[in-house]
Participant: 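Here it is: the structure, laid out below.
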Amino acid sequence: MRKLKQVNHLMGLLRPAVEDVKARHPEPVMVDAGSGNAYLGFVLYELYLKDAAGGTLVSVEGRPELTERAKGRAERLGFSRMRFQTAHIDQAEYPERIHLLMALHACDTATDDALIAAVRHGADHVAVVPCCQAEVSAQLKEQRKAAHGSLGLLYAHPWHRREFGSHLTNVIRALTLEAFGYQVTVTELTGWEHSLKNELILGRRVHRDNRRARVQLERLLAETGVNPKLTRELGVKPAASVGELPPVEAEEAVASPDVTPSVEP
């Protein structure tokens with residue numbers, strides 16, 4: 001029941017994104033990365049695709065027994081435009097173009113893998129609820145003695161390092177999406193009584209890229225001494241010398257020709 005409440009609430013938050021891609025694409029492609037039992041995919045299909053003229057939902061899951069179980073359920077329900085692939089998120093074969101990509105509680109770097117797929121396949125909308133961030137915490141441990149000023153005090157203790165590392169991981173994820181042209185909202189998924197992994201990152205692609213966010217991201221990586229899988233795979237490197245970078249002024253962004261720009265700042 002807790003999972004159902006999470007999924008139902010996420011569906012409400014995703015409604016604008018789903019309606020947007022359905023309005024602009026006759027055959028929208030939606031991907032549920034790290035789908036598990038595919039509960040999210042089944043609810044989305046029931047609400048938004050079952051009675052639609054077109055559209056495909058692709059579920060990617062690394063455990064074959066879950067894939068087979070979900071495939072059988074889709075056949076019984078007559079959800080003929082659901083597709084299932086047994087593969088880890090970073091090894092899946094994605095459609096050339098993705099319109100909406102979701103990842104609910106993909107652990108550690110699996111959320112990064114989902115975001116990488118979204119960026120590389122031009123997803124119009126992204127929605128991820130991260131889980132169990134560990135990579136950045138390990139990097140903080142390795143370089144904590146070289147931290148700038150008093151920054152290292154924020155993660156000197158293992159408990160603080162885990163919490164600070166999780167927060168920093170998600171800040172980097174949101175800023176990376178912004179750097180690659182997404183307008184980002186970070187919010188709570190649902191009440192804490194239903195899940196402790198409760199941070200929802202929503203992205204809508206409105207530009208090809210955003211230089212201002214890219215410079216900020218490079219500075220953040222340099223100042224904290226971390227470089228997670230997401231930024232490594234997308235070719236974002238820490239700033240060579242933070243002090244010598246020019247000041248960040250007005251946002252410089254290039255509009256993407258196949259995305260309706262947002263009217264919000």
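No hydrogens, no waters, no symmetry mates; every other heavy atom, side chains included, goes into these values.
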Participant: Can Glu178 and Asn210 be counted as having a side-chain donor-acceptor contact under 3.5 angstrom?
Facilitator: no
Participant: Ring centroids only, cut at 6.0 angstrom: are Tyr94 and His121 within range, meaning strictly under it?
Facilitator: yes
Participant: Would you indicate whether the side-chain heavy atoms of Leu10 and Leu40 approach each other to under 4.5 Å?
Facilitator: yes
Participant: Just say parallel, tilted or perpendicular for the rings of Phe42 and Phe79, cut-offs at 30° and 60°.
Facilitator: tilted
Participant: Within the 4.5 Å heavy-atom criterion, are Thr169 and Gln139 side-chain neighbours or not?
Facilitator: no
Participant: Is there a side-chain contact between Asp112 and Thr231 (heavy atoms, below 4.5 Å)?
Facilitator: no
Participant: Have a look at Glu233 and tell me which of Ile116, Thr109, Leu115, Asp90 forms a side-chain contact (heavy atoms from CB on, under 4.5 Å) with it.
Facilitator: Ile116
Participant: Exactly one of Arg219, Arg212, Arg214 should register a side-chain contact (heavy atoms from CB on, under 4.5 Å) with Gln216. Which one does?
Facilitator: Arg212
Participant: So, do Gln133 and His167 sit near enough that their side-chain heavy atoms are less than 4.5 Å apart?
Facilitator: no
Participant: Show the atom names and distances, to 0.1 Å, of all donor-acceptor pairs under 3.5 Å that link a side chain in residues 52-62 to residues at least two apart or in another chain.
Facilitator:
residue: Glu61; atom: OE1; partner: Gly36; partner atom: N; Å: 2.6
residue: Glu61; atom: OE2; partner: Arg63; partner atom: N; Å: 3.0
residue: Glu61; atom: OE2; partner: Arg63; partner atom: NE; Å: 2.7
residue: Glu61; atom: OE2; partner: Arg63; partner atom: NH2; Å: 3.4

Participant: Short question: side chain of Thr111, backbone of Ala106 - any donor-acceptor pair under 3.5 Å?
Facilitator: yes
Participant: Side chain of Arg81, backbone of Leu49: donor and acceptor closer than 3.5 Å?
Facilitator: yes
Participant: side-chain hydrogen bond (donor to acceptor under 3.5 Å, both in side chains) with Asp113: which of His88, Gln91, Lys229?
Facilitator: Lys229
Participant: Within the structure provided, determine whether Ile201 and Val126 are in side-chain contact (heavy-atom separation under 4.5 Å).
Facilitator: no
Participant: Would His99 and Asp20 count as having a side-chain donor-acceptor pair, cut-off 3.5 Å?
Facilitator: no
Participant: Within the 4.5 Å heavy-atom criterion, are Arg161 and Lys141 side-chain neighbours or not?
Facilitator: yes
Participant: So do the side chains of Leu230 and Arg173 get within less than 4.5 Å of each other, counting heavy atoms only?
Facilitator: yes
Participant: Is it the case that the side chain of Asp209 and the backbone of Ala179 share a donor-acceptor pair, with hydrogens and angles ignored and the cut-off at 3.5 Å?
Facilitator: no
Participant: Can you pull out every salt bridge (Lys or Arg N to Asp or Glu O under 4.0 Å) where at least one residue sits in residues 28-49? Sequence neighbours excluded, please.
Facilitator: Glu46-Lys50
Participant: Assess whether atom CD of Glu93 is packed by more than 12 heavy atoms of other residues, nucleotides or ligands within 6.0 Å.
Facilitator: no
Participant: With side chains defined as the heavy atoms from C-beta onward, is the minimum distance between Met102 and Val128 less than 4.5 Å?
Facilitator: no
Participant: Who pairs with Glu135 by side-chain hydrogen bond (donor to acceptor under 3.5 Å, both in side chains), at least two apart in sequence or on another chain?
Facilitator: Arg232
Participant: With Leu217, which of Val171, Leu175, Leu177 fulfils side-chain contact (heavy atoms from CB on, under 4.5 Å)?
Facilitator: Leu175
Participant: With no hydrogens and no angle check, is any side-chain donor or acceptor of Tyr48 less than 3.5 Å from a backbone partner on Met11?
Facilitator: yes
